[in-house]
Amino acid sequence: MPAGILAALGLVAGVETVLPQFAQSLAAFGTDLPWPTRLVLEWHRLAWLAALVPVAAWWSWPQRRHRGIAAAVAGLAAGILVIVLATAALSLPVMQLARTI
């Protein structure tokens, strides 16, 4: 279980480290941001809940001896999902700007 929690926490920490830089860049656009981007910027702290996914996988996995693997995979998947969704939401304003040029 610790590997899954560490995987999720590490990936979410990476997003949290980069996010303020994107927020400054996006603010410089001076236009209204799409709702997914606003959602990520305003509620990004909820991404830390991804660390609960491996805990839930650990407790709910039916086979006791495979719980560690299930928790690690669940934590890694949750962290990757956070990165993919945040990247997609943060790239929307750039794509909208590119369409206007």
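The residues of the chain are indexed from 1 along the displayed sequence. These numbers come from the heavy atoms of this one structure, side chains and all, not from hydrogens, waters or symmetry mates.
- Atom CG of Leu33 is separated from atom CD of Gln96 by 8.5 Å, given to the nearest 0.5 angstrom.
- Smallest separation of non-hydrogen atoms from Ala51 and Ile5: O-CG1, 3.9 Å.
- Listed by first then second residue, pairs satisfying salt bridge (charged side-chain N to carboxylate O under 4.0 Å, His left out) with a partner in residues 84-101 number zero, not counting sequence neighbours.
- In terms of the side-chain contact (heavy atoms from CB on, under 4.5 Å) criterion, residue partners of Gln63 (sequence neighbours excluded) are, by chain and number, Trp61, His66.
- Taking Pro20 as the reference, nothing meets the side-chain contact (heavy atoms from CB on, under 4.5 Å) condition, with sequence neighbours excluded.
- Residue Pro93 is tested with Pro36, Pro34, Ser25 for a side chain to side chain contact (heavy atoms under 4.5 Å, CB included); the sole match is Pro34.
- Screening residues 80-92 for salt bridge (charged side-chain N to carboxylate O under 4.0 Å, His left out), with sequence neighbours left out, gives no hits.
- Cluster membership for Trp59 and Val53, using ILVMFWY side-chain heavy atoms within less than 4.5 angstrom, is not shared.
- Applying the side chain to side chain donor-acceptor pair (under 3.5 Å) test to residues at least two apart or on different chains, the pairs with a partner in residues 3-17 are Glu16-His44, Glu16-Arg45.
- Leu92 CG to Leu26 CG: the interatomic distance, rounded to the nearest 0.5 Å, is 10.0 Å.
- Residue Val73 belongs to a hydrophobic cluster whose other members are Ile69, with links defined by side-chain heavy atoms closer than 4.5 Å.
- For residues 75-94, no pair satisfies salt bridge (charged side-chain N to carboxylate O under 4.0 Å, His left out), with sequence neighbours left out.
- Heavy atoms only, all atoms of each residue included: Ala71 and Ala57 are closest at CA-CB, 4.1 Å.
- Cluster partners of Trp35, by chain and number: Leu39, Trp43, Leu46, Leu49, Leu52. The rule joins Ile, Leu, Val, Met, Phe, Trp and Tyr whenever side-chain heavy atoms lie under 4.5 Å apart.
- Applying the salt bridge (charged side-chain N to carboxylate O under 4.0 Å, His left out) definition to pairs two or more places apart or across chains, none involves residues 54-65.
- Taking Ala7 as the reference, Leu76 meet the side-chain contact (heavy atoms from CB on, under 4.5 Å) condition, with sequence neighbours excluded.
- The side-chain contact (heavy atoms from CB on, under 4.5 Å) search around Leu85 returns Leu81, not counting sequence neighbours.
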